[in-house]
Amino acid sequence: MDEESNAKLERKVVCSNIELRQVLPPDSFPNGTVTLILSNNKIEELKNGSFIGLTALERLDIRNNAISHIEPGAFLGLPALKRLDLSKNKIGCLNMDIFKGLVSLVKLNLSGNLFSSLSPGTFDSLVSLKMLEFHTQFLLCDCNLLWLVLWIKERGVTVKDTRCSYPRSLQGQLVTSLKPQLLTCDAPLELPSFQLTPSQRQVVFRGDSLPFQCLASYVDEDMQVLWYQDGRMVEHNATLGFFIEESMVQNCSLISSALTIANIQPSSSGNWECRVRTSRGNNTRAVHIVVLESSAKYCPADRVSNNKGDFRWPRTMAGITAYLPCHRLASGAALYSGSPVEERRAWRKCDRAGLWAEDDYSRCQYQKDVTRVLHIINQMPLNLTNAVTTARQLLVYTEEAANFSDKMDVIFVAQMIEKFGKFAEKYKELGDVMVDISSNLMLADDRVLWMAQREARACSRIVECLQRMASQRLASGAQGYSTNSHSIALEAHAIKASSFNGMTCTLFQKVLPERRGPRELSARDRDPDASRDRQLSFKCNVTSTPSALPLKNTVVEATVQLPPSLLTRLSAPGQSEEPVHRLQLLAFRNGRLFPTTGNSSLLADQGKRRSVVTPVILVTVDGQPLQALRSPVNVTLRRFARGGDVVAATWDFALLGGQGGWETGDCHIVSSDDNFTSISCDSLGNYALLMDLSEIEPYSPSTDLLHPVVYASATILLLCLLSVIISYIYHHKSILISRKCWHMLVNLCLHIFLTCLAFVGGVTQTRHASVCQAVGIVLHYSSMATVLWVGVTARNIYKQVTRKAKRFEDLDEPPPPPRPMLRFYLIGGGIPIIVCGITAAANIKNYGSQINAPYCWMAWEPSLGAFYGPVGFIIFVDCMYFLCILLQLSRHPERRHELKEPTEEQLHLAGGAGAHDPFSQGDAPPSELENEHTFPAQLLGVALALLLSAGLWVCGALAVSRGPLLGLLFSCLFGALALGLGAFLIAHHCANREDVRRLWASACCRRGRDYSQQVNAPPAPPVFAAGNGEGPKHPGSSAESSCTNRSTSSSLRGPAQGSKLTNLQAEAAQREPRPAPGDGAAPGPAPAPFAPDGSVTEQSPDSEAQMHVAPVEAQARPNGNAAGRPQKSRARAHRASRLAVLREYAYDASTSVEGSEQNCPVRGRHDGHPRGRRAAHLAHRGRQRSQNQLEASSDVSTAQSQPSLNADEGRESGGGSNSSRSEGGLEADEEGVSSTSKGSSKEPANAELEGQPKSYGLNLANQNGLLKDSVQNAALLINPDRNGNIKTGLWKHETTV
């Protein structure tokens, strides 16, 4: 087996990747070679007999070489060859002689070569062929390949992955799936390869030489390659310097030709073409040549911005045409494909003088969407079936005519109106739409209309089209026709001259009765661009005298009186039948469709110095203006602006070269008053009044003012709100209110303030659209935020009322992370911002002054979903919270106050017998209150604020939206509610609070400040008299102090605290008998002696301080007397009674100095408490009651005491209860034995005590009873033993008695 496998390996020869230039001689390979691999080399040619002698060869791989020519008989001598791979070479010619002798060939791969077609009979000698692959990027599936398709089907050969590359109609289709009828050689001619080198524009100097080469795929035998210059054939001419090489066929696949232009002259400039001519057709490639003189000029770099984009033309040589690609639109912005991308170029020519000449941007698309859409609509063909539909589509786009910024927008609309006019005779609806489109177009900017008129007479064409449209409607047999819009009114009548006795037509518009009523029109009504619901209309009566309008709430804009003799001159005598005349009246709200574009200094406007200040009235008969009337036409026009140098004028379309202009020849002013001017004209035409507005400004539409009572009451409300906000922000450290309630109250007042300010200052700012929209957005946001902050406040009260007590077993668990205040702001302010943002993003015009609403707010339909619905739901939720709070307070009347969060020590003390009660029972100590207001008071404040605010804004909305009488009534109600809301907020949140009153008093008068300083001043260290255990009270520590257990000010550090404490301790130790050594007491130094003046020695403060108080770090230190500690033997009953006493007084003041610093007198922003006389009185009363009960409890504890223990035992007992310490409570030692003082303090301990503030218990006793400290307002729990000793435990900041 090994010999057989070695033999097979010897039969395979691999010669790839060795850069062979030609095939090695056959004798270089073993005679028994079965597989020969020659791939990835540089073989260029296969000669005849290249593989003779390799009779056993079965596989030949010559792919990925450079083979371009194969001689016939190249594969002779390979009778056993079954697989031949010639892919990825440069083979262009294949014929039947190449594959002779390959009778055993089964698989042939010719893909990736250069041939575009195959000659018939190429594979006839391959009798055993079963699989063929010949895909190339030039494969042309035409009539020349028909034989191969038939041969493949006849022989049953499998063709693998071979697809057509040309023509484009068959591109990508499998050859085996082609139908024979698709393989044709009809025009147009498509060449797989056609190249002209060079292919880009050539700029050469005079006398240069320029060669060209043209290369094309060879598809027909009759192919010719010809050369042309500017459409003229060029032949070989050595005199002119044209040298042409004959066409040559290369590799049976390409045909080429070369042209050389020697000694180029300026006459050689132009387009040069290489044209391939066949019987199927022609194909051309061209290049432009520019011949320059040696001293050429240049056009400077230039920037052009137009409606097709921004083009930056580079510095260009004279005589050259510069090209720039058109700006590509954003993805999805193109609405039509147009020409291919490579052809969308703009060009600009630089002439021989170095100046920019003509240009062309027509291939580029318009940059603005509106212009592109209007251009597309203008390109659409119109007929009877789609005229009305297209007109309605155009009407939709002209609704935004105020935003037109391109003159082409107006030109396209004018062209479409002209097209619609051809079908207006058959469709009355089409005429109405045309008038609406023209009316919308009058909202465009004056400059845009002026440019469109100057460019294409767009405005004049629109007016003329409307005149023709009215005549066409009457020509169809109708007796009359009328239509109107917000800026244009049209009236037409068919009249006979014999029956015409004169006519008076009145142009009017309706006025909304909700706000205006019968009173005089405001400046808003004088605005020529009034709201679109005010339709212009004509009312005509057959009389020559004007009559009153029967319609109510109308404003007359103009009247036209036509004389009875108007049609007399038109009737010709002798006619058998009297003709019917078509009388037309056309009115425009202003003169925007009559812009003057030319030099009109000699006309009525005197070079645009005068402007049209009245409506424009057009009167024609049979579409033609009449001149030299027998009786004049009287026209009365209402002015919407004031000015000087008034003239009456008519518009003539023929002036200024067809641009049109105003002239004054046939009209003169008859009379004039404040608002109306009457003119008389001797001809029919377009009538208007022109004024010089440079001296007197036009009417400035003033803002409608609210009733004075609204401004007065709103000012008082704003001052009240501002007082509350400033008080709570400036004195935030001194007002007793929880942190959450402080944020909610300030934000509630702030949003009511913002709503009131926006309402009073901007609800009637309807003149400026942007300002009005901003006011609507602010009102929407602030009013919704107000009700949301009310809801947040109500929810907070409900959570406080229903708060559950904390259990002891939960205390060992880590406390939950604090929840940030940001969540309330996300609800109270974030939700309104999101709602307002979505509403404005959907359509910014949802805000501002709407139709039938002369005030700044929101449109009715969007407001239902964006304001009224959400606000109604929020108010409903607020009321549900109010109801739940009332139910909870009725069930639990003891829940009145909001208390502070209990500390860890309080929870441990309360956890021994149950849970900590978070609510106050009756009158709670002021130090434990979180908010001075009770829960019912908080509920009253937020509920009444919501009620008054809702009523206030309902009355405010009705005051600005109703008529004069109802507006006055609701304005008064608004004032009453505003005063009530302001008074309530001041009274409830300021005047009714003792802390705010005190702060106001201290800020307003010196007496109040002195009182505040006396109450809040930190007490000075007391001075003790010698030999007396009770020191005198400090003047600043009286019953008026509002802070229980007040300690020395936190600024008193170091020796001051130590001396004060040591004096008390030394006096107690002086009365303490020293224990005998035999009693088991721990030996220690004698107490420090007292000085004659009652003070201790210098050593006393340090030693006594270390004896009575052990720092936290000292609790874990090893004790040398640990062997003498007795085991704990406390009774359960005694423990229960002791914890009950401590829980009962858990809310009294702390006995530690640190506890006093934490609870009084200077706190954080929301942890302060009142310091008034009432609070001090309550604290004093609680102290007296606590002292009486604690003295009784001390007697019971003394009777049950055991023999005295040493100081170390007392420390162990204190350390064991360290986890149960509570702020505000002290635990008496159950043994009742006082501890002796420790030994002399060490220097590190002294340094530690001096370096940081320590808290020391002040529960000292003497033989006379309770020793009261004037600085401490807490009840001192005293339990003296029979020896009167004092023992210090290991509790932090505690001393047990």
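It should be emphasised that the depicted structure is a prediction, and the values quoted were computed from it without experimental measurement.
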Checking [X] side chain against [Y] main chain: does a donor-acceptor pair fall under 3.5 Å?
X	Y	value
Gln22	Ile43	no
Ser125	Val103	no
Thr162	Lys160	yes
Ser28	Leu24	no
His69	Glu44	no
Ser104	Pro79	yes
Lys100	Gly73	no
Thr389	Asn386	no
Asn64	Ser39	no
Ser209	Ile264	no

How long is the span from the [atom1] atom in [X] to the [atom2] atom in [Y], to the nearest 0.5 Å?
X	Y	atom1	atom2	value
Leu259	Phe243	CG	CZ	10.5 Å
Leu215	Gln195	CG	CD	6.0 Å
Phe194	Leu254	CZ	CG	12.0 Å
Gln202	Ser268	CD	OG	13.0 Å
Leu105	Met131	CG	CE	12.0 Å

Taking atom types as modelled, is there a side-chain donor on [X] or [Y] under 3.5 Å from an acceptor on the other?
X	Y	value
Asn113	Asn89	no
Asn40	Ser16	no
Gln265	Asn263	yes
Asn48	Glu71	no

Any side-chain heavy-atom pair of [X] and [Y] under 4.5 Å:
X	Y	result
Val276	Asn282	no
Ile70	Glu45	no
Ile62	Asp85	no
Phe99	Leu129	no
Leu36	Leu54	yes
Phe29	Leu57	no
Tyr323	Arg201	yes
Leu139	Phe134	yes

Review point. Excluding sequence neighbours, so at least two apart, what forms salt bridge (Lys or Arg N to Asp or Glu O under 4.0 Å) with Glu58?
Key: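 Counting only residues at least two positions away or on another chain, Glu58 forms no salt bridge (Lys or Arg N to Asp or Glu O under 4.0 Å).
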**Study point:** Ring centroid separation Trp347 to Phe311 under 6.0 Å
**Key:**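 Centroid distance Trp347-Phe311: not below 6.0 Å, so no.
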Review point. Ring centroid separation for His236 and Phe242, is it under 6.0 angstrom?
Key: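 His236 vs Phe242: aromatic centres not under 6.0 Å.
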Review point. Is it true that atom CZ of Phe138 has more than 12 heavy atoms of other residues, nucleotides or ligands lying nearer than 6.0 Å?
Key: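 More than 12 heavy atoms, drawn from other residues, nucleotides or ligands, come within 6.0 Å of this atom.
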Point to revise | Crowding at NZ, Lys153 (>12 non-hydrogen neighbours, <6.0 Å) | key: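 Yes, enclosed.
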Review point. Can you tell which of Val149, Asp142, Asn144 makes a side-chain contact (heavy atoms from CB on, under 4.5 Å) with Leu183?
Key: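 That would be Val149.
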Practice item. Among Glu235, Glu273, Met233, find the residue that satisfies the side-chain contact (heavy atoms from CB on, under 4.5 Å) test when tested with Leu226. Key: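 Result: among Glu235, Glu273, Met233, Met233 is the only option passing the side-chain contact (heavy atoms from CB on, under 4.5 Å) with Leu226.
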Practice item. Give the intermediate values and the outcome of side-chain hydrogen bond (donor to acceptor under 3.5 Å, both in side chains) for residues Ser119 and Asn95. Key: CA-CA 6 Å; Ser119 302; Asn95 52 62; over 6 Å; no
Point to revise | Contacts of Tyr228 that satisfy side chain to side chain donor-acceptor pair (under 3.5 Å) - sequence neighbours left out | key: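 Counting only residues at least two positions away or on another chain, Tyr228 forms a side chain to side chain donor-acceptor pair (under 3.5 Å) with Arg277.
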Practice item. Take Cys274 and Val225 through the test side chain to side chain contact (heavy atoms under 4.5 Å, CB included) and record every step on the way to the result. Key: CA-CA 7 Å; Cys274 172; Val225 179; 3.6 Å; yes
Exercise for review: Not counting sequence neighbours, which residues clear disulfide bond (SG atoms under 2.5 Å apart) with Cys326? List them please.
Suggested key: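 By the disulfide bond (SG atoms under 2.5 Å apart) rule, Cys326 matches Cys364.
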Review point. Quick one: do Asp359 and Lys349 make a salt bridge, cutoff under 4.0 Å?
Key: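 No, no charged N to carboxylate O under 4.0 Å.
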Exercise for review: Measure the acute angle between the ring planes of Trp151 and Trp147, then classify it against the limits of 30° and 60° as parallel, tilted or perpendicular.
Suggested key: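 Tilted.
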Practice item. Report the C-alpha distance between Leu178 and Cys141 in whole Å, list the side-chain angles of each, state the deciding distance to 0.1 Å, and finish with yes or no for side chain to side chain contact (heavy atoms under 4.5 Å, CB included). Key: CA-CA 9 Å; Leu178 294 176; Cys141 297; 4.0 Å; yes
Exercise for review: Kindly confirm or rule out a cation-pi arrangement of Arg372 over Tyr366, judged by NZ or CZ under 6.0 Å from the six-membered ring centre and within 45° of its axis?
Suggested key: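 Geometry flag: not set, cation outside 6.0 Å or 45°.
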